[in-house]
Protein chains: 2
Amino acid sequence: MAESASKHDVFQAIADPTRRRLLRLLGDQEMSVTIISGHFTMSRTAVSKHLRVLADAGLVKDQKVGRETRYRLDPEPLLELKKWLSNYERFWENKLSVLKRYVESDDPAVMESFLPLRTYKENEK
Amino acid sequence: MAESASKHDVFQAIADPTRRRLLRLLGDQEMSVTIISGHFTMSRTAVSKHLRVLADAGLVKDQKVGRETRYRLDPEPLLELKKWLSNYERFWENKLSVLKRYVESDDPAVMESFLPLRTYKENEK
DNA sequence: TTGACATGAAACCAAATGGTATCGTAATTA
DNA sequence: TAATTACGATACCATTTGGTTTCATGTCAA
C-alpha cells in the first residue's frame, strides 16, 4: 500500500473513504491500533497502513504506551485544504448554487458555514 | 487511467496535482482541450483523461463547439468538500494552530476565512 | 473533395494502491 | 519463565492509476 516513501500530502490522504472514516473515528478520542481495527472489517495490518498514510500527511499523531500505539487526530493539515478551497469561495458567494445542494440538509451548521466571508468585513466596520 | 466506470467522487478528483492545476486553469476561462494541453508537458490524451475524471466528479462541464470541446469549471461539487471540512471547524476554533501555519501568509483573505463560525451565532443574539 | 485539425477510443505499460498472510519482537501477564 | 498480546515489517497479489502511442472519426478550410 502506501509505502511512506516521500511524504503523502493531505489531498491524497483524504481521498480514501477508509481514511476519512479513520479521521472521524479519531476525532472523538485517542485509540490504540487494535481498538481502531475493531471498527473495520479489513485486517489490522491494512488499517495500520492507512494510519501510516495519515501520519505521513500529519493528520494523525501516534504515541507509544507500553505495548500499544495510540493514535489521535491532528486536524492542522486540513487548514491547507481550507486554504485551497478559499480560492473557490468567489464562485459560490451570493450564488443560488449554495442553496441548490443543501437547502434540505439536516445539519444547520452546514448552511452557516456557507455564509459569505464578506459578512466578516461588514462586522469590522 | 480513470476508466469512467462508476462516477469519481470529488475527494479522489482533487487528489491529483495535475487535476488541481486544471481546475485552477479553468477557473479563469473556458478552454478547448488543445489549448488546455498547451499548458502541460504531458500528452493531450493524458490531459483529456484527467478532464474526464473531473467531469465524472462534476467539477467541469464540457460543450462541443464545432470540432472542439470546450471545458469550463463547475465548482459546485466543492461544496461537499466544504461540508466535510466543516466537521473539523471545532478543532481549530480559537486555537493558536490557526496562526501557526499562516501567520505570514501573503493572502489576507486566507486568515479571514479562518475566523470561527461561532461569530455568526453571537451575531444572532 | 481533399487534406489538415480536434478529439475520443484502444491497446498497452510501469508504478502506485489497497489488500492479504506470515513472521519477528517487545511488553504484559499467568 | 512461559505464554499471550500488540504491533510493525515483509513479502506477495490483484486492481487502479497515470502515462504513452496509435488509430478512427467528425469538422473545417482551401
Side-chain angles (χ1 to χ4, degrees), chain A residues 1-26 29-72, chain B residues 1-26 29-72:
Chain A
M1 191 189 301
E3 318 304 343
S4 75
S6 53
K7 280 289 208 174
H8 293 89
D9 66 45
V10 66
F11 290 94
Q12 194 200 341
I14 66 162
D16 186 90
T18 299
R19 288 196 288 269
R20 291 199 298 277
R21 273 187 66 193
L22 280 168
L23 292 180
R24 182 155 43 93
L25 189 63
L26 295 176
Q29 57 177 319
E30 180 172 300
M31 288 166 60
S32 75
V33 174
T34 302
I35 299 296
I36 295 170
S37 297
H39 290 75
F40 294 82
T41 57
M42 72 187 73
S43 72
R44 175 186 54 79
T45 308
V47 171
S48 205
K49 286 191 192 178
H50 280 299
L51 286 169
R52 169 72 72 98
V53 175
L54 291 174
D56 274 357
L59 285 163
V60 298
K61 301 298 177 192
D62 62 291
Q63 178 194 7
K64 292 290 289 275
V65 177
R67 60 183 162 182
E68 52 183 39
T69 307
R70 307 262 182 81
Y71 280 89
R72 66 174 192 283
Chain B
M1 191 189 303
E3 319 304 346
S4 77
S6 53
K7 280 291 209 175
H8 293 88
D9 68 44
V10 66
F11 291 94
Q12 193 200 341
I14 67 162
D16 185 90
T18 299
R19 288 195 287 270
R20 292 199 297 278
R21 273 187 65 194
L22 279 169
L23 292 180
R24 181 155 45 91
L25 190 62
L26 295 176
Q29 55 178 319
E30 180 172 299
M31 288 165 58
S32 74
V33 174
T34 302
I35 299 297
I36 295 170
S37 297
H39 290 75
F40 295 82
T41 58
M42 72 185 72
S43 72
R44 175 188 53 79
T45 309
V47 172
S48 204
K49 287 192 192 175
H50 281 299
L51 287 169
R52 168 72 72 97
V53 175
L54 292 174
D56 274 357
L59 285 164
V60 297
K61 300 299 177 190
D62 62 292
Q63 178 195 6
K64 291 292 286 277
V65 177
R67 59 183 163 183
E68 53 183 37
T69 307
R70 307 261 181 80
Y71 281 87
R72 67 174 191 282

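Below, chain A is the first sequence line, B the second, and so on; all start at residue 1.
- At the phosphate of D:dA9, OP1 or OP2 sits under 4.0 Å from a side-chain N or O atom of A:R52.
- Note on B:Q12: every side-chain N or O is 4.0 Å or more away from OP1 and OP2 of D:dT16.
- A:F40 comes within contact range of no nucleotide atom at all, as no heavy-atom separation falls under 4.0 Å.
- Straight-line distance from the CD1 atom of A:I14 to the P atom of C:dT17: 15 Å, rounded to whole Å.
- The side chain of B:T69 contributes an N or O atom lying less than 4.0 Å from OP1 or OP2 of C:dG8.
- With rounding to whole Å, A:K49 atom NZ is found 8 Å from C:dG18 atom C1'.
- Residue B:S48 places none of its side-chain N or O atoms closer than 4.0 Å to OP1 or OP2 of C:dT7.
- Spacing between atom CZ of A:R44 and atom P of D:dA6 amounts to 10 Å, rounded to whole angstrom units.
- OP1 or OP2 of D:dG18 has at least one side-chain nitrogen or oxygen of B:R19 nearer than 4.0 Å.
- Summarising the geometry, atom CG belonging to A:L26 is positioned 13.0 Å from atom NZ belonging to A:K61; distances are rounded to the nearest 0.5 Å.
- Contact annotation: A:H50 reaches the phosphate of C:dG19 (side-chain N/O to OP1 or OP2, under 4.0 Å).
- When rounded to the nearest whole Å, the span between NE2 of A:H8 and P of C:dA16 equals 10 Å.
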